[in-house]
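All residue numbers refer to positions in the sequence shown, counting from 1. Note that this is a predicted model, so its numbers are computed, not measured.
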Amino acid sequence: MSEITVRRATAADSKRLTQLVRGSAAYRGPYAVMVDGYQVGGAYIEHHPVHVAVDAGGRVLGFYALLLDEAELDLAFVADTAQGLGIGRTLMAHMTGVARAAGLDAVRVVAHPPAEEFYLRTGARRTGTVAPAGRVHWERPELSYDLTDPAAATA
């Protein structure tokens with residue numbers, strides 16, 4: 001695996017990030033409704049801290065989007081071909097660093113059910129459950145990264 005760099009996303013990354021979301025194997029079957037027609041727009045990228053993990057060749061391997069006003073992780077995706085390589089762990093460690101630097105004490109995550117274990121392994125703790133609403137017909141785990149704990153997202 002080549003060296004991984006995490007950088008701030010730009011509006012020019014919009015198409016690639018949208019493809020990563022829509023093509024994610026984690027959102028096939030009953031979960032497909034979550035990403036059907038989803039767009040990671042340039043204005044969204046410019047307004048929120050969105051960071052991408054790229055390899056030495058500039059290939060996007062994953063990304064996250066943090067909503068500072070809501071203290072919430074809005075999006076986190078790793079390319080199917082890059083699963084299991086530590087990209088997600090790297091992104092969560094970066095995200096918690098950005099959140100701490102912004103003065104946040106915690107970051108909320110409403111997780112895709114199959115991703116809950118990943119968030120727990122990277123330092124989040126379960127805080128509850130979010131009831132089905134809108135196009136989402138299943139309960140989702142609610143988690144939190146405690147940023148007052150220096151070990152959060154480094155587990």
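- Inter-residue side-chain proximity for Tyr119 and Arg125 is flagged as unmet; no heavy-atom pair is nearer than 4.5 Å.
- The two residues Ala76 and Leu73 come nearest to each other via the heavy atoms CB-CD2, 4.0 Å.
- Of all heavy-atom pairs between Ala9 and Leu17, the closest is CB-CD1, 4.3 Å.
- Glu117 is listed as a side-chain neighbour of Leu120, based on a closest heavy-atom distance under 4.5 Å.
- Using a 4.5 Å heavy-atom cutoff, the side chains of Glu72 and Val110 are in contact.
- Residues Val130 and Glu139 form no side-chain contact, since every pair of their non-hydrogen atoms from C-beta on lies 4.5 Å or further apart.
- Screening Val78, Val6, Leu75 against Phe63 for a side chain to side chain contact (heavy atoms under 4.5 Å, CB included) leaves a single residue, Leu75.
- At least one donor-acceptor pair closer than 3.5 Å links the side chain of Thr127 to the backbone N or O of Glu142.
- From Leu61, atom CG reaches atom CD of Gln83 across 11.0 Å, with rounding to the nearest 0.5 Å.
- Taking the side chain as every heavy atom from C-beta outward, Ser14 and Ile45 approach each other to under 4.5 Å.
- Under a 4.0 Å N-O distance rule, the pair Asp13/Arg8 does not qualify as a salt bridge.
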Requested in this report: With side chain to side chain contact (heavy atoms under 4.5 Å, CB included) as the test, would you mind laying out the steps for Ser24 and Asp80 before giving the verdict?
Outcome: CA-CA 6 Å; Ser24 174; Asp80 293 343; 4.2 Å; yes
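- Here the CG-CG distance, from Leu104 to Asp69, works out to 9.5 Å after rounding to the nearest 0.5 Å.
- Side chains of Val54 and Arg7 form a contact here, defined as non-hydrogen atoms less than 4.5 Å apart.
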Query raised in the report: After noting the C-alpha distance and the side-chain angles of Met95 and Tyr145, does the key distance pass the side chain to side chain contact (heavy atoms under 4.5 Å, CB included) rule?
Result: CA-CA 10 Å; Met95 181 276 297; Tyr145 286 98; 3.7 Å; yes
May I have the list of side-chain donor-acceptor pairs in residues 25-40 shorter than 3.5 Å, sequence neighbours left out?
none

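- Thr96 places none of its side-chain heavy atoms less than 4.5 Å from the side chain of Met92.
- Between Gly42 and Ala11 the shortest heavy-atom distance is CA-CB, 3.8 Å.
- The side chain to side chain contact (heavy atoms under 4.5 Å, CB included) with Phe77 is formed by just one residue from the set Val21, Ile87, Val52; it is Val21.
- Contact between Arg89 and Arg121 at its shortest, heavy atoms only, is NH1-O, 3.5 Å.
- In this structure, Gly62 and Leu91 approach most closely via the heavy-atom pair C-CD1, 3.7 Å.
- The side-chain hydrogen bond (donor to acceptor under 3.5 Å, both in side chains) search around Arg126 returns Glu116, Thr129, not counting sequence neighbours.
- Counting heavy atoms from C-beta outward, Val98 and Leu66 have side chains that approach closer than 4.5 Å.
- Minimum interatomic distance between Leu143 and Ala124 (heavy atoms only, all atoms of both residues): CB-CB, 4.0 Å.
- In this view, His48 and Tyr44, Val50, Leu67 satisfy the side-chain contact (heavy atoms from CB on, under 4.5 Å) rule, not counting sequence neighbours.
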